[in-house]
> 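Have a look at the structure that comes next, please.
What you see is a predicted model, and the numbers here were worked out from it, not measured in a lab.
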Amino acid sequence: MRISNLRIMAMLVIGLVALPASAKTLAWTAGMDAVSMDPHSSNSTFTNAFVTNVYESLVRFDDKLKIEPALAESWKMTAPMVWRFNLRRGVKFHNGEAFGADDVVFTWARVNSPGSLVRGNLSDIKEVRKVDQYTVDIETKTPFPTLLNELVQLLVMSKSWSEANNATEASDITQKKENFANRHTNGTGPFIMKSREVDIKTEFVANPNWWDKKRRHNLIDVVFTPIKSDATRTSSLLSGVVDVSVDVPVQDVQRLQAGAAINVVQGPELRTISLGMDHARDELLYSDVKGKNPFKDLRVRQAMYQAIDVEALKRAVMRGASWPATTMISPFLNGAPVSLNKRVLAYDPAAAKKLLADAGYPNGFSVGMQCPNSRLVYSEQLCLAIGTMLSRIGIKVNLMIEPIAKWIDRLNSTDLSLYIMSHAGLPMADAYAILKDVVGTHTATIGGLNAGRYSNPKFDEYLPKIASELDTAKRNQLITEAVTIERNDISHIPLHQQPVIWAAKKGIELRQSPDNQLRLWLVTVK
């Protein structure tokens with residue numbers, strides 16, 4: 001028999017007296033909705049962030065992306081590949097059931113069920129074992145220094161609730177196979193889902209029995225309304241229909257700042273926007289160069305790098321709202337090589353032309369460039385500007401601006417020649433994620449986002465070392481050395497970190513984070 005949300009709401013009513021008298025209501029919006037409330041069925045960054053207001057893991061990120069305790073109070077390594085976690089006592093799920101080790105072990109099994117899309121984010125874990133009711137051991141496949149970062153995605157579900165509602169396996173949304181957990185929830189987190197209408201409205205109420213006694217927020221009701229239109233989101237904020245938008249278009253910032261009622265908060269996102277190219281084919285798919293691939297020549301890659309003026313892109317395209325990148329790794333990611341704080345080559349069109357001529361292309365060449373028409377901030381304008389810059393050294397760019405779904409298909413199938421791409425290093429928030437996913441030679445487990453099939457054996461040698469080095473200083477040095485190899489070889493051309501732009505009515509305090517995740521438990525309303 002299914003345990004309905006009526007029991008959960010009954011528990012809420014009992015605990016309402018625990019909420020502060022100053023508790024407030026919050027209405028917020030973004031440009032998309034969560035694809036599922038099942039915490040293991042999606043690998044969407046927005047969805048992952050959305051459900052963490054309901055479900056929790058053993059640890060969590062704060063707004064500075066530092067690890068802090070959550071369902072585990074403490075932990076220690078008992079062997080190079082075994083971590084012991086002491087679970088928090090007295091924690092209740094939203095329906096009143098007690099949380100314990102059985103729920104953690106069950107969750108690990110559920111994460112590895114066929115429909116799960118988060119299991120790839122936890123692939124370095126070998127086993128989760130119960131020691132006693134409030135202790136679990138987690139064994140990794142190799143010594144793994146960033147286990148805590150990875151565990152942020154192990155969102156714990158109630159074993160008994162899942163069994164009672166036939167939701168013991170992750171719903172397979174890729175096959176359109178839903179289960180009870182898609183539209184119903186039972187977490188331990190700060191908010192309880194009251195109702196959900198997909199793509200229309202989701203309502204939450206504060207969990208009065210939340211274990212975090214610091215009471216970091218003063219919210220009682222939260223209403224989320226997805227609004228796809230940029231203009232409508234902005235007008236809804238200005239008219240007071242919503243209190244907060246976490247998806248503000250760059251072009252609307254000045255308009256919002258001009259009024260007395262709105263505060264705009266912006267900072268660099270973890271996501272680095274880069275230019276990628278086909279390194280693998282002997283002949284490019286979309287080019288007038290026949291019989292060879294100009295991108296295999298380092299001089300051509302260097303020429304393209306020196307032809308792109310990232311400061312001009314910031315000024316003319318991004319309206320000043322970008323942070324030119326020196327590597328593909330955001331400085332806010334764990335392990336980021338802070339010493340590599342200058343671009344590897346300076347903007348110099350004359351030097352770029354010479355490099356191109358030395359490589360055998362004195363008259364340049366033409367190439368197709370694959371760009372999305374959405375998702376990235378000013379993606380079309382960015383591609384147009386890059387095309388103009390490359391044309392000045394003789395590379396004629398034929399823009400192929402396409403819907404986001406088509407662009408993603410191209411990246412997945414490597415049907416491309418020159419393309420714009422991005423990676424935020426999430427969900428791990430660690431430099432290794434970029435090195436492994438984007439730069440490493442493509443295999444079954446490495447290079448899943450290496451659409452251009454870049455390959456450098458010297459670089460690859462560093463990946464297992466970085467993945468297993470437990471000494472932080474040594475690990476950071478390995479990351480710096482690996483990035484130096486990649487930078488000098490121009491695997492990609494880093495452009496900038498795009499902005500995270502949020503806006504809220506004055507009196508609302510938002511704790512913005514570079515992972516672009518709204519942590520509702522950190523929001524306060526005066």
> Assess, by modelled atom type and distance only, whether the side chains of W407 and N373 contain a donor and an acceptor separated by less than 3.5 Å.
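Result is no, nothing qualifies.
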
> Report the C-alpha separation of R129 and W108 in whole Å, then their side-chain angles, then the decisive distance to 0.1 Å, and conclude whether the side chain to side chain contact (heavy atoms under 4.5 Å, CB included) test is met.
CA-CA 9 Å; R129 298 185 294 266; W108 169 242; over 6 Å; no

> Look only at the side chain of N112 and the backbone of A109, and say whether a donor-acceptor pair between them is shorter than 3.5 Å.
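No: the side chain of N112 does not pair with the backbone of A109.
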
> I'd like to know if the side chain of N86 pairs up with that of S74 as donor and acceptor (distance under 3.5 Å, no hydrogens or angles considered).
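Yes, a side-chain donor-acceptor pair sits under 3.5 Å.
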
> Verify, without hydrogens or angle tests, whether R110 (side chain) and A167 (backbone) share a donor-acceptor contact under 3.5 angstrom.
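The answer is yes, because a donor-acceptor pair under 3.5 Å joins these two groups.
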
> So does M428 get a backbone contact from the side chain of N149, meaning a donor-acceptor N/O pair under 3.5 Å?
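Answer holds: yes.
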
> Quick one, R511 and D62 - any side-chain contact, counting heavy atoms below 4.5 Å?
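Side-chain contact under 4.5 Å: no.
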
> Mind listing the closest non-hydrogen atom pair of P145 and A467 along with its distance?
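Minimum heavy-atom separation between P145 and A467: CD-O, 2.8 Å.
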
> Run W161 and F180 through ring pair (Phe, Tyr, Trp, His ring centres under 6.0 Å) and show every step you take.
CA-CA 10 Å; W161 182 85; F180 192 71; 5.6 Å; yes

> Contact between V439 and Y454 at the side-chain level, heavy atoms closer than 4.5 Å - yes or no?
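SC-SC contact between V439 and Y454 confirmed.
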
> In Å and rounded to the nearest 0.5 Å, what is the CD to CH2 distance from E139 to W83?
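Rounded to the nearest 0.5 Å, the CD-CH2 separation comes out at 13.5 Å.
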
> Verify side chain to side chain contact (heavy atoms under 4.5 Å, CB included) between S236 and T29, making sure each step is shown before the conclusion.
CA-CA 9 Å; S236 296; T29 185; 5.9 Å; no

> What's the separation between atom CG in D212 and atom CZ in R88, rounded to the nearest 0.5 Å?
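So the gap between those two atoms works out to 7.0 Å.
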
> Kindly determine whether S330 and Q497 satisfy side chain to side chain donor-acceptor pair (under 3.5 Å), including the steps that lead there.
CA-CA 7 Å; S330 163; Q497 268 79 51; 4.7 Å; no

> Of N166, N165, D38, which meets side-chain contact (heavy atoms from CB on, under 4.5 Å) against N179?
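Looking at N166, N165, D38, the match for N179 under the side-chain contact (heavy atoms from CB on, under 4.5 Å) is D38.
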
> Do W521 and R60 make a side-chain contact, defined as non-hydrogen atoms from C-beta onward lying under 4.5 Å apart?
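In contact.
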
> Does a side-chain heavy-atom distance below 4.5 Å link H423 with M328?
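No; the side chains remain at least 4.5 Å from each other.
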
> Taking atom NZ as the centre, does K126 end up with more than 12 heavy-atom neighbours from other residues, nucleotides or ligands that are less than 6.0 angstrom away?
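At most 12 heavy atoms, drawn from other residues, nucleotides or ligands, come within 6.0 Å of this atom.
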
> Do R196 and N182 touch side chain to side chain, with heavy atoms closer than 4.5 Å?
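Result no, sub-4.5 Å side-chain heavy-atom pair not found.
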
> Any side-chain donor-acceptor pair under 3.5 Å between S195 and E203?
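Side-chain D/A pair, S195 to E203: present.
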
> Do the non-hydrogen side-chain atoms of I125 and L147 ever get within less than 4.5 Å of each other?
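Side-chain contact under 4.5 Å: yes.
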
> Could you walk me through whether R410 and D415 pass salt bridge (charged side-chain N to carboxylate O under 4.0 Å, His left out), step by step?
CA-CA 5 Å; R410 282 194 185 276; D415 180 17; 2.9 Å; yes

> Apply side chain to side chain contact (heavy atoms under 4.5 Å, CB included) to S57 and V152, showing your working.
CA-CA 6 Å; S57 182; V152 169; 5.5 Å; no

> To the nearest 0.5 Å, what is the distance between CD on E402 and CD on E380?
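Answer for the CD-CD pair, E402 versus E380, is 11.0 Å.
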
> So, does R233 use its side chain to make a donor-acceptor pair with the main chain of S245 at under 3.5 Å?
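Not a single qualifying donor-acceptor pair exists.
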
> I need the L58 CG to E73 CD distance, nearest 0.5 Å.
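Here the interatomic distance stands at 11.5 Å.
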
> Verify ring pair (Phe, Tyr, Trp, His ring centres under 6.0 Å) between Y432 and F144, making sure each step is shown before the conclusion.
CA-CA 11 Å; Y432 176 68; F144 191 61; 7.2 Å; no

> Compare every heavy atom of K130 with every heavy atom of A101, then report the nearest pair and how far apart it is.
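Smallest interatomic distance, heavy atoms only, reads CB-CG, 3.7 Å.
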
> Do M157 and H40 have side-chain heavy atoms sitting under 4.5 Å apart?
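A side-chain contact under 4.5 Å exists here.
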
> Examine distances only and state if a side-chain atom of Q517 and a backbone atom of R519 form a donor-acceptor pair shorter than 3.5 Å.
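The answer is no, because no donor-acceptor pair under 3.5 Å joins these two groups.
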
> Please check if the side chain of T441 supplies one atom and the backbone of S455 the other of a donor-acceptor pair under 3.5 Å.
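Such a contact is absent between T441 side chain and S455 backbone.
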
> What is the ring orientation for W28 with F46, classed by angle as parallel under 30°, tilted 30 to 60°, or perpendicular over 60°?
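Judged by the thresholds at 30° and 60°, the geometry between W28 and F46 is tilted.
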
> Between the main-chain N or O of G452 and the side-chain N or O of H442, is there a donor-acceptor pair closer than 3.5 Å?
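No, H442 side chain to G452 backbone: no donor-acceptor pair under 3.5 Å.
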
> Would you say the side chain of P514 lies within less than 4.5 Å of the side chain of L65, judging by non-hydrogen atoms?
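Sidechains of P514 and L65: in contact.
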
> For ring pair (Phe, Tyr, Trp, His ring centres under 6.0 Å), just list the numbers for F224 and F50, CA-CA rounded to whole Å, side-chain angles, deciding distance to a tenth of an Å, and then say yes or no.
CA-CA 10 Å; F224 170 74; F50 195 83; 5.1 Å; yes

> Examine the side chains of R271 and S422 and answer whether a donor and an acceptor come within less than 3.5 Å of each other.
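Yes, S422 and R271 have a side-chain donor paired with an acceptor closer than 3.5 Å.
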
> Report the C-alpha distance between H94 and V54 in whole Å, list the side-chain angles of each, state the deciding distance to 0.1 Å, and finish with yes or no for side chain to side chain contact (heavy atoms under 4.5 Å, CB included).
CA-CA 9 Å; H94 294 161; V54 175; 3.9 Å; yes

> Got a second to check how far D515's CG is from E269's CD, nearest 0.5 Å?
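Between atom CG of D515 and atom CD of E269 there are 8.5 Å.
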
> So that I can tick it off, tell me whether K214 and E68 are bridged by a salt bridge, with the cut-off set at under 4.0 angstrom between side-chain N and carboxylate O.
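No, this pair does not count.
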
> Which one of L270, T272, I273 satisfies the side-chain contact (heavy atoms from CB on, under 4.5 Å) criterion with Q498?
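Only one option passes, and that is I273.
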
> Any side-chain to backbone donor/acceptor pair from R119 onto P114? Under 3.5 Å, distance only.
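Checking the backbone N and O of P114 against the side chain of R119, a donor-acceptor pair under 3.5 Å is found.
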
> Please check if any side-chain donor atom of E56 sits under 3.5 Å from a side-chain acceptor atom of T188, or the reverse.
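Looking only at side-chain atoms, T188 and E56 do form a donor-acceptor pair, the distance falling under 3.5 Å.
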
> Surrounding NZ of K506 (heavy atoms of other residues, nucleotides or ligands, distance under 6.0 Å), is the total greater than 12?
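Atom NZ in K506 is crowded, with more than 12 foreign heavy atoms closer than 6.0 Å.
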
> Does a donor on one side chain and an acceptor on the other come within less than 3.5 Å for D430 and T146?
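Absent: no donor and acceptor within the cut-off.
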
> Would you say the side-chain atoms of T47 pair up with the backbone N or O of V35, donor to acceptor, closer than 3.5 Å?
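Side chain of T47 to backbone of V35, a donor-acceptor pair under 3.5 Å: yes, one is there.
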
> Tell me whether N450 contacts the main-chain N or O of G440 through its side chain, where contact means a donor paired with an acceptor under 3.5 Å.
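A pair under 3.5 Å: yes.
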
> Looking at P39 and V118, what are the two nearest heavy atoms and their distance?
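Smallest heavy-atom distance, with atoms named: O-CG1, 3.9 Å.
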
> Going from NE2 on H496 to OG on S274, what distance comes out if it is rounded to the nearest 0.5 angstrom?
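The NE2 atom of H496 sits 9.0 Å away from the OG atom of S274.
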
